**Student:** 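Dropping a structure here in structure tokens format, bear with me for questions.
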Number of protein chains: 2
Amino acid sequence: MESHREAVTSLDVAREAGVSQSAVSRAFTPGASIAADKRERIIAAAEKLGYRPNPLARSLMRGRSNIVGVGVGDLANPFFVQTLQLLSDALDGAGLRLMLFPARGGSRPEPTIHEILHYRLDALVMLSVSPSSALTEQCRRAQVPVIHYNRTTTAHDASSVVGDNGTGARAIAAHLLAGGHHRIAFMAGTPETSTNAAREAGFAGYLAEHGAPAPIRECGHYAVDASMAAMRRLLLRTERPDAVFCANDTMALAAISVARHEFGLDVGREISIAGYDDVPMAAWPAFSLTSFSQPASRMVAETLRLILALRSDPDDHQTVIAEGTLVVRGSTRPVGR
Amino acid sequence: MESHREAVTSLDVAREAGVSQSAVSRAFTPGASIAADKRERIIAAAEKLGYRPNPLARSLMRGRSNIVGVGVGDLANPFFVQTLQLLSDALDGAGLRLMLFPARGGSRPEPTIHEILHYRLDALVMLSVSPSSALTEQCRRAQVPVIHYNRTTTAHDASSVVGDNGTGARAIAAHLLAGGHHRIAFMAGTPETSTNAAREAGFAGYLAEHGAPAPIRECGHYAVDASMAAMRRLLLRTERPDAVFCANDTMALAAISVARHEFGLDVGREISIAGYDDVPMAAWPAFSLTSFSQPASRMVAETLRLILALRSDPDDHQTVIAEGTLVVRGSTRPVGR
DNA sequence: CTGAAAGCGCTAACAT
DNA sequence: ATGTTAGCGCTTTCAG
């Protein structure tokens, strides 16, 4: 009678290699003390039998799963997709598993995530979604460190990785002012988010400091449809803005689309539009979007670093701020003339 | 001295409720035989203590993890992203966890996935990536059923969910012929993939059956840069094509971009461009891409159905073909005139 | 229906 | 360095 699922266990390997079962365990544990020749014999036997340590049992014993939970909201934003891809590669390279779950943006608390926590996750990364305070509390109780990605947090027992939103937004403001614009608008993303707050504050702050009027404001909620609607409202004003800074690229691409195809405007001459993130599509000739580039790969690398640090010390929380660069393209009026 | 991670165990709940530990287990097992009032008392005690069954231990005993592995290749294609989002929601709704891993397209066998298999996965879904034959064999040995998404397979011990590529491609061909086109081109995706093969065969087949010459062929490898290059080659021909069918939308959007912005062509009048998948961006005014719509949500629903079916019978393999619809937009010359 | 007992496959003391 | 012995937290016979 076969065992559970006819799986090869460490005991099988032990018998095959003529050693104890714990020796097999040690052979598969990096730092363990075991004679080199013995280890090799065991590895050989394991290979022959097609053995692999059962990660479930291992996690149960170790009290740690080697799994990182990743909560995502709307994947419509290419910046998150890019991040997810990079993160999936990075974790894979570090021998960690990635458990993905939908984390609806702050609305009602998801039941699922509570269950996920009990996997003894090495860390929980929230990709541009803010966990409810209840969830945060649950994480603390379950001893799962939380890393906020692209969001800051007031909580002191959480890490976060963000771009330098204030500086980025100021760079955009400077660029638009230098381009000779006077009626400048700001298209906000979701108002409650820290990214939007920081970008808006930096943008408006720079304008104010340089004697420009406060920007006209519309809200696109980081969504395509809402941004199109917001852009229409902006362009139907009697005092039509001559420049629009959208709080992310998704909104900016939608805005360009509306300006060009619905209002027949020559983007980059009659109106300037700038975004934030520098997603791959921003570089397409169809858009040629001026944007502030968030260094996704560096941000992900930092996230991995935090995860590894938190593995050794779950209380070693940090906030990482990654610098970006302004990428000037054709969607904004050139400065030099 | 605290236990491992000061976690609440079923034993704690048992003591609190004054029952045996196995009773607690039964209270959390849907079909188990336990008195209703006793169950309620247990649930109450569990709630009070903040208890949840440890999924690791549960999986270890049950020999099944409630985890579905999902292998993804390049997430640059919005169709896959959309699918991933839908799948993540669907699995979540069914109480299943989603373990994401990067599965490089068919190149060398990834070491990671071999490890993932040992989680006693309920299923392994390959999103538009073909597993190596070695991997397929491993899955068989580990008793993990494989589901190919957007790919057919010759293997008889695997399921697959695909769109009706032949029919879709023929619909595009019919639409282009009806539009009065004569020099028709086909931009291929990755040649080795079953999707490309089916779309190309359907397209060329329809043209041949209707007396049209075989399509001019270039290859865009389902990638943006390669597609832009391919489009340039097509448009630099002395006999410039007046219609191009791209094997997916990613390539078609890139093609539009090149035609319009590099060659100054009026897409939809001077040249027709059609794609496949009907990704969200296809509907943007900036592109207005005629495309054959793959019913992503239905395909994902079918995938979930297969997963659940395979849970009860791991050998119950099926092939599901989902029908789509032609979505005519402005990027192709209208038929009626 | 319910409790006691035997593991799932592994790791981590504990003694050699 | 190695084998033996306890468990990790749970499910599942097995008696009753």
Side-chain angles (χ1 to χ4, degrees), chain A residues 1-42 45-46 49-67 115 117-121 142-143, chain B residues 1-42 46 49-67 115 117-120 142-143:
Chain A
M1 183 178 129
E2 293 287 351
S3 157
H4 234 146
R5 240 172 149 184
E6 64 191 80
V8 185
T9 78
S10 59
L11 197 61
D12 298 328
V13 178
R15 277 196 279 257
E16 172 78 24
V19 296
S20 79
Q21 186 254 22
S22 35
V24 178
S25 171
R26 290 198 251 268
F28 280 91
T29 304
S33 55
I34 185 175
D37 60 326
K38 190 167 241 177
R39 147 175 281 132
E40 282 179 34
R41 246 186 330 132
I42 294 175
L49 268 49
Y51 167 80
R52 288 246 179 193
N54 181 325
L56 257 21
R58 185 175 264 203
S59 303
L60 188 57
M61 263 310 290
R62 292 228 246 243
R64 156 180 305 167
S65 66
N66 269 28
I67 300 176
E115 159 123 24
L117 278 181
H118 290 255
Y119 274 94
R120 287 163 169 359
L121 299 179
Q143 303 265 72
Chain B
M1 185 178 128
E2 293 286 351
S3 157
H4 231 150
R5 243 174 150 185
E6 64 193 79
V8 185
T9 77
S10 59
L11 197 60
D12 299 325
V13 178
R15 278 195 278 257
E16 172 78 23
V19 296
S20 79
Q21 184 257 19
S22 31
V24 178
S25 172
R26 291 192 179 102
F28 281 90
T29 304
S33 54
I34 184 175
D37 58 326
K38 188 167 243 175
R39 147 175 281 135
E40 282 179 32
R41 242 184 335 131
I42 294 176
L49 268 48
Y51 168 80
R52 288 245 178 194
N54 182 326
L56 256 21
R58 184 174 264 201
S59 303
L60 188 56
M61 263 310 290
R62 294 228 245 244
R64 157 181 305 166
S65 66
N66 269 28
I67 300 176
E115 160 122 26
L117 280 180
H118 291 255
Y119 274 92
R120 285 160 168 4
Q143 304 264 74

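First the proteins, then the strands, lettered A, B, ... as listed; each starts at 1. It should be emphasised that the depicted structure is a prediction, and the values quoted were computed from it without experimental measurement.
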**Student:** Over how many whole Å does the gap from H118(A) atom NE2 to dC10(D) atom C1' extend?
**Tutor:**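 After rounding, the gap between these two atoms is 14 Å.
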
**Student:** R58(A) CZ to dA12(C) P: how many Å, rounded?
**Tutor:** 9 Å

**Student:** What's the closest nucleotide to the T9(B) side chain, out of dA1(D), dC8(D), dC10(D)?
**Tutor:** dC10(D)

**Student:** Rounded to the nearest Å, what distance is computed from the CE atom of residue M61(B) to the C1' atom of nucleotide dC10(C)?
**Tutor:**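 So the two atoms are 14 Å apart, to the nearest Å.
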
**Student:** Counting only side-chain nitrogens and oxygens, does S20(A) get under 4.0 Å of the OP1 or OP2 atom of dG3(D)?
**Tutor:**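 For dG3(D), OP1 or OP2 has a side-chain N or O of S20(A) closer than 4.0 Å.
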
**Student:** Rounded to whole angstrom units, what separation is found between the CZ atom of R15(A) and the C1' atom of dG3(D)?
**Tutor:** 16 Å

**Student:** Without decimals, in angstroms, what is the distance between R41(A) CZ and dA1(D) C1'?
**Tutor:** 13 Å

**Student:** Report yes if at least one side-chain N or O of R52(B) is closer than 4.0 Å to OP1 or OP2 of dG9(D); otherwise report no.
**Tutor:**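 So the side chain of R52(B) is outside the cut-off, no N or O lying under 4.0 Å from OP1 or OP2 of dG9(D).
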
**Student:** Does the side chain of I67(B) come within less than 4.5 Å of R120(B)'s, by heavy atoms?
**Tutor:**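 R120(B) does not reach I67(B) side chain to side chain.
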
**Student:** Output the rounded distance in Å from OH (Y119(A)) to P (dC10(D)).
**Tutor:** 13 Å

**Student:** Scan F28(A) against the nucleic acid and name what it touches under 4.0 Å (heavy atoms): base, sugar-phosphate only, or nothing.
**Tutor:**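 No contact.
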
**Student:** dT12(D) P sits how many Å from R62(B) CZ, rounded?
**Tutor:** 6 Å

**Student:** Say you draw a straight line from OG of S59(B) to CG of L60(A); how long is it, rounded to the nearest 0.5 Å?
**Tutor:**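 One gets 10.0 Å once the value is rounded to the nearest 0.5 Å.
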
**Student:** For N54(A) and L56(A), work out which heavy atoms get closest and say how close.
**Tutor:**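 Shortest heavy-atom separation between N54(A) and L56(A) comes out as OD1-N, 2.7 Å.
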
**Student:** Does a side-chain N or O from S10(B) land closer than 4.0 Å to OP1 or OP2 of dG9(D), or not?
**Tutor:**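 So the side chain of S10(B) is outside the cut-off, no N or O lying under 4.0 Å from OP1 or OP2 of dG9(D).
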
**Student:** Could you check A23(B) against Y51(A) and say which one's nearest nucleotide on DNA chain C is further toward the 5' end?
**Tutor:**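 By nearest-heavy-atom nucleotide position, the 5'-most residue is A23(B).
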
**Student:** Any side-chain N or O of S25(A) below 4.0 angstrom from OP1/OP2 of dC10(C)?
**Tutor:** no

**Student:** Rounded to whole Å, please give me the gap between CZ in R26(B) and C1' in dC14(D).
**Tutor:** 11 Å

**Student:** Any N or O donor-acceptor pair under 3.5 Å from the base of dT4(D) to the side chain of S22(A)?
**Tutor:**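 Flag set: donor-acceptor pair detected.
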
**Student:** Kindly state each residue pair satisfying side-chain hydrogen bond (donor to acceptor under 3.5 Å, both in side chains) with at least one member in residues 16-36 of chain A, sequence neighbours excluded.
**Tutor:**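 Only S10(A)-Q21(A), E16(A)-K48(A), S20(A)-S22(A) qualify under side-chain hydrogen bond (donor to acceptor under 3.5 Å, both in side chains).
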
**Student:** Does a nitrogen or oxygen in the side chain of K38(B) sit under 4.0 Å from OP1 or OP2 of dC1(C)?
**Tutor:**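 Indeed not, no polar side-chain atom of K38(B) lies that close.
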
**Student:** Choose from dC10(C), dG9(C), dC10(D) the nucleotide whose nearest atom is closest to any side-chain atom of P53(A).
**Tutor:**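 Closest nucleotide among those given: dC10(C).
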
**Student:** Can you give me the closest heavy-atom contact between A27(A) and I34(A), atom names plus distance?
**Tutor:** N-CD1, 4.1 Å

**Student:** Quick check on dC8(D): is either OP1 or OP2 less than 4.0 Å from any side-chain nitrogen or oxygen of R120(A)?
**Tutor:** no

